[in-house]
Amino acid sequence: MKPGPNIPKTTSTAGELRINISKLSEGIHDYQLSTLSKNIGLDERFNDSVRVDVDIDKSSNQFYLKVKIDTNGNFECDRCLERFEMHLDISYEMAYMYRQATDLEEIPDDVHIIKPDMNHIDISEDVREYTMLAVPIKILCSDDCAGLCPGCGTNLNKNKCSCGIEDSDSRWEPISKLLKNTK
C-alpha cells in the first residue's frame, strides 16, 4: 500500500484509529496509523504497537478501505509450552456507505453504514477483531515443534528423552495385532 506520485500520505500516532472524512476529496488516499494494542482492546499477549496502513478509495457515496495490519504478539506454544514472539501480518477490505439503514435490509459483513453527517471513520474495532481472528487456533512456535515427552515432560526440541515411552495411539492397536499375526 505505497502511495503513488499524486496520492497524499497522512501519518497519525493518535491512540485511536480514526480517519477524518469530513473534507476528503474523491480519489485514493493513503493513511499510516499506529496505536498501542491496549488502546483497541487487545489482550495482554499483544504488547507491541499496532501499525495500520489504510488505502481509501472515496467515491460520492462510499469509502472503500484496504487495510493492512502489522503487529507482534507473545504466545505460548501449545506443544512445548515455550513462550515465543509471533508476527501477524493481516489484510482486510471494508466498505463504508452513506445511507440510512433499515431493520428490514440485511447488510453484508464487509459493509458499514454511516450517516451523512459523520466526520470520522473509526476502524479500531475492525482492527481488533481481524487481529484476534488472525491468531491461529493451534499456536505453535514452529510447524515441526516436537513438543513435550508425555512421560517425563522433557522439551523434545531441546533435549532427547531417555524415559523410553513410545508415542503410540491406542486406536491403532487392533491393526498392529493383525499385522503381528500375519508375520
Side-chain angles (χ1 to χ4, degrees), residues 1-4 7-79 81-103 105-143 145:
M1 291 189 213
K2 302 277 189 248
I7 301 173
K9 184 177 179 180
T10 305
T11 302
S12 171
T13 56
E16 298 176 8
L17 299 177
R18 290 172 38 126
I19 300 168
N20 186 343
I21 59 170
S22 62
K23 295 180 181 166
L24 205 58
S25 62
E26 288 192 18
I28 298 176
H29 305 271
D30 180 51
Y31 290 83
Q32 294 177 337
L33 310 169
S34 67
T35 188
L36 295 175
S37 58
K38 67 180 181 178
N39 291 347
I40 58 171
L42 291 172
D43 60 42
E44 68 278 351
R45 297 177 297 176
F46 297 91
N47 61 4
D48 207 0
S49 65
V50 178
R51 292 162 302 285
V52 182
D53 291 332
V54 183
D55 283 342
I56 298 178
D57 187 357
K58 184 194 184 290
S59 63
S60 61
N61 66 345
Q62 76 175 12
F63 301 87
Y64 184 73
L65 281 65
K66 291 182 181 179
V67 181
K68 185 176 186 286
I69 306 164
D70 186 34
T71 192
N72 293 313
N74 291 305
F75 299 95
E76 183 177 277
C77 178
D78 288 338
R79 284 189 191 153
L81 305 179
E82 291 289 324
R83 302 228 25 104
F84 70 100
E85 186 173 292
M86 181 183 352
H87 178 76
L88 296 172
D89 192 14
I90 308 139
S91 297
Y92 74 91
E93 297 177 6
M94 188 68 63
Y96 290 80
M97 300 177 70
Y98 285 126
R99 61 183 231 227
Q100 297 295 331
T102 64
D103 293 336
E105 68 180 304
E106 189 170 319
I107 300 168
D109 290 337
D110 60 347
V111 174
H112 288 299
I113 303 299
I114 56 177
K115 296 178 183 173
D117 62 343
M118 284 186 66
N119 292 326
H120 292 87
I121 292 176
D122 188 347
I123 62 171
S124 301
E125 182 60 22
D126 288 333
V127 169
R128 187 193 69 76
E129 287 178 6
Y130 278 95
T131 301
M132 293 304 294
L133 288 171
V135 176
I137 292 171
K138 183 149 186 93
I139 301 172
L140 300 176
C141 59
S142 70
D143 289 337
C145 176

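Nothing fancy with the numbering, it's 1 onward along the sequence.
Residue pairs meeting the salt bridge (charged side-chain N to carboxylate O under 4.0 Å, His left out) criterion with at least one partner in residues 120-129, sequence neighbours excluded, are Glu125-Arg128. Pairs engaging residues 130-141 under the salt bridge (charged side-chain N to carboxylate O under 4.0 Å, His left out) rule: none recorded [sequence neighbours left out].
Not one N or O on the side chain of Ser22 forms a donor-acceptor pair closer than 3.5 Å with the backbone of Met118.
By the side chain to side chain contact (heavy atoms under 4.5 Å, CB included) test, Ser37 is found to be paired with Leu42, Phe46, Val50, residues two or more places apart in sequence or in another chain being considered. Remark: Tyr64 pairs with no residue by the ring-ring contact (aromatic ring centres under 6.0 Å, His included) rule, at least two apart or across chains. With sequence neighbours left out, Glu44 forms a side chain to side chain donor-acceptor pair (under 3.5 Å) with no residue at all. Legend: residues meeting side chain to side chain donor-acceptor pair (under 3.5 Å) with Asn119, ordered by chain and number and at least two apart, are absent. Looking at residues two or more places apart in sequence or on another chain, you find a salt bridge (charged side-chain N to carboxylate O under 4.0 Å, His left out) between Asp89 and Lys68. Scored by the side chain to side chain donor-acceptor pair (under 3.5 Å) test, Glu82 finds Asn155, Lys158 as partners (sequence neighbours excluded). Judged as a side chain to side chain contact (heavy atoms under 4.5 Å, CB included), and not counting sequence neighbours, the contacts of Asn47 are Asn74. Listed by chain and number, the residues in a side chain to side chain contact (heavy atoms under 4.5 Å, CB included) with Ser142 are Asp144, Cys145 (sequence neighbours excluded). For the side chain to side chain contact (heavy atoms under 4.5 Å, CB included) test, residues two or more places apart in sequence or in another chain that qualify with Ser59 are Asn61, Gln62. A search for side chain to side chain donor-acceptor pair (under 3.5 Å) contacts involving Arg45 returns Asp43, not counting sequence neighbours.
When every heavy atom of Ser25 is checked against every heavy atom of Lys58, the shortest pair comes out as O-CD, 3.5 Å. Scanning all heavy atoms of the two residues, the minimum distance from Tyr130 to Met94 falls at OH-CE, 4.0 Å. Residues His120 and Asn20 share a closest heavy-atom pair of CD2-CA, 3.6 Å. Between Leu140 and Cys77, the closest heavy-atom pair is CA-SG, 3.8 Å. Scanning all heavy atoms of the two residues, the minimum distance from Glu76 to Leu81 falls at CG-O, 3.5 Å.
Remark: Thr71 OG1 to Ile90 CD1 distance equals 7.5 Å, nearest 0.5 Å. The CD1 atom of Ile123 sits 6.5 Å away from the OH atom of Tyr96 when rounded to the nearest 0.5 Å. The OH atom of Tyr92 sits 14.0 Å away from the NZ atom of Lys66 when rounded to the nearest 0.5 Å. Atom CZ of residue Phe75 and atom CZ of residue Arg83 lie 9.0 Å apart, to the nearest 0.5 angstrom. Distance CD1/Ile139 to CG/Asp78: 5.5 Å, rounded to 0.5 Å. For the atom pair CD1 (Ile56) and CD1 (Ile121), the distance works out to 5.5 Å, reported to the nearest 0.5 Å.
No side-chain heavy atom of Val127 sits under 4.5 Å from any side-chain heavy atom of Leu33. Taking the side chain as every heavy atom from C-beta outward, Leu88 and Ile69 never approach each other to under 4.5 Å. With a 4.5 Å cut-off on side-chain heavy atoms, Phe63 and Ile114 count as touching.
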